[in-house]
Amino acid sequence: MRDVLLQCAGVIAILAAMIHGVLSEVRVFRSVSIEPKRPRTLVRLVFQLLTVDWICFGVLLLLAPTLASELARHAIVISATVALAMSALVNGLSSKGRHFGWIVLGAAATMAAAGY
C-alpha cells in the first residue's frame with residue numbers, strides 16, 4: 001500500500017506540473033505583458049522552474065518503491081513531501097484558497113507522506 005501511495009503521489013505531481021506548465025503559458029503569459037524582454041524571460045523561466053521541480057519529484061516518487069535502499073527511499077519521500085507541501089502552502093496562502101492548485105499539491109504531499 002505504501003508503494004501505491006508513493007506512485008499515486010508521483011502521478012499527481014507530474015499531472016499538476018503539466019497542467020501548471022500549459023496553463024501558465026496559455027493563460028498567464030499570453031495575457032500579461034512584462035517589458036523589457038529580459039525580465040519577462042526571467043519571470044517565465046522562474047515560473048516554469050516549478051513545473052520542472054514537480055516533474056522531477058514525481059518521477060522520483062514513481063521510482064522510489066523500486067529502490068533497494070531504504071535510505072534513498074526515505075530521502076526521496078521526505079524531500080518530495082517538503083517541496084510539494086511548501087508549494088501547496090504558498091499557493092493556498094497567496095491565492096487565499098481560491099486556486100485549486102493547493103488542493104492538488106497538498107494531496108500529492110499527503111500521499112507521499114503516507115507512503116513513507
Side-chain angles (χ1 to χ4, degrees):
M1 186 64 179
R2 290 180 345 155
D3 294 347
V4 172
L5 286 169
L6 288 182
Q7 291 171 334
C8 287
V11 168
I12 290 172
I14 291 169
L15 289 175
M18 291 177 5
I19 292 168
H20 176 266
V22 170
L23 288 181
S24 63
E25 290 297 325
V26 171
R27 298 187 76 188
V28 175
F29 291 114
R30 283 194 184 161
S31 64
V32 175
S33 63
I34 301 170
E35 293 298 331
K37 186 178 179 181
R38 187 168 182 189
R40 180 180 63 221
T41 303
L42 178 63
V43 169
R44 178 179 251 156
L45 290 174
V46 170
F47 204 83
Q48 293 300 351
L49 186 62
L50 288 173
T51 302
V52 174
D53 177 41
W54 298 337
I55 289 172
C56 291
F57 277 120
V59 169
L60 288 172
L61 286 170
L62 284 171
L63 293 176
T66 65
L67 299 175
S69 169
E70 264 318 286
L71 180 61
R73 177 190 175 109
H74 291 312
I76 289 169
V77 173
I78 291 169
S79 299
T81 300
V82 169
L84 293 168
M86 288 303 296
S87 295
L89 180 67
V90 169
N91 186 305
L93 290 175
S94 65
S95 71
K96 297 180 180 154
R98 292 186 301 260
H99 188 279
F100 69 92
W102 73 271
I103 298 169
V104 176
L105 295 168
T110 302
M111 285 183 191
Y116 182 76

Next item on the list: Using a 4.5 Å cut-off on heavy atoms from C-beta on, say whether the side chain of Pro65 contacts that of Arg73.
Entry: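 Sidechains of Pro65 and Arg73: in contact.
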Can I get a per-line list of side-chain donor-acceptor pairs under 3.5 Å for residues 101-116, giving both atom names and the distance, sequence neighbours left out?
{"from": "Trp102", "atom 1": "NE1", "to": "Gly97", "atom 2": "O", "distance (Å)": "3.3"}
{"from": "Trp102", "atom 1": "NE1", "to": "His99", "atom 2": "O", "distance (Å)": "3.3"}
{"from": "Thr110", "atom 1": "OG1", "to": "Gly106", "atom 2": "O", "distance (Å)": "2.7"}

Note to self: Nearest 0.5 Å, please: how far is OG1 in Thr66 from CD in Gln7?
What the structure shows: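 Result: 8.5 Å between the selected atoms.
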Notebook entry, point to check: If you measure from CD1 on Ile19 to OG on Ser24, what distance do you get to the nearest 0.5 Å?
Noted result: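 Here the interatomic distance stands at 11.5 Å.
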Margin query: Starting from Val11, can I reach Met18 by hopping between I/L/V/M/F/W/Y residues whose side chains sit under 4.5 Å apart?
Written below: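 Same cluster.
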Note to self: Are Val77 and Ile12 connected into the same hydrophobic cluster when the rule is that any two of I, L, V, M, F, W, Y join if their side-chain heavy atoms are below 4.5 Å apart?
What the structure shows: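 Unlinked, Ile12 and Val77 end up in two clusters.
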Please tabulate, for side-chain N and O atoms in residues 49-63, each donor-acceptor pair with protein atoms closer than 3.5 Å (sequence neighbours left out).
{"from": "Thr51", "atom 1": "OG1", "to": "His20", "atom 2": "ND1", "distance (Å)": "2.9"}
{"from": "Thr51", "atom 1": "OG1", "to": "Gln48", "atom 2": "OE1", "distance (Å)": "2.8"}
{"from": "Trp54", "atom 1": "NE1", "to": "Ser87", "atom 2": "OG", "distance (Å)": "3.2"}

Check: Using links of under 4.5 Å between side-chain heavy atoms of ILVMFWY residues, direct or through other members, which residues join Leu42 in one cluster?
Finding: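 Listed partners: Val46.
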Checklist line | Short side-chain to backbone donor-acceptor contact, Ser79 and Ile76, under 3.5 Å | finding: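 No; judged by distance alone, with no hydrogens or angles, the pair does not exist.
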Note to self: If the condition is side-chain contact (heavy atoms from CB on, under 4.5 Å), which residues does Val43 pass it with, not counting sequence neighbours?
What the structure shows: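 If we apply the side-chain contact (heavy atoms from CB on, under 4.5 Å) test to Val43, skipping adjacent residues, the hits are Phe29, Ile34.
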Notebook entry, point to check: Can you pull the salt bridge (Lys or Arg N to Asp or Glu O under 4.0 Å) pairs that have at least one residue in residues 35-45, sequence neighbours excluded?
Noted result: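 Sorted result for residues 35-45: Glu25-Arg44, Glu35-Arg40.
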Checklist line | Sequence neighbours excluded, every pair satisfying salt bridge (Lys or Arg N to Asp or Glu O under 4.0 Å) that has a member inside residues 75-93 | finding: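 Listed by first then second residue: nothing to list.
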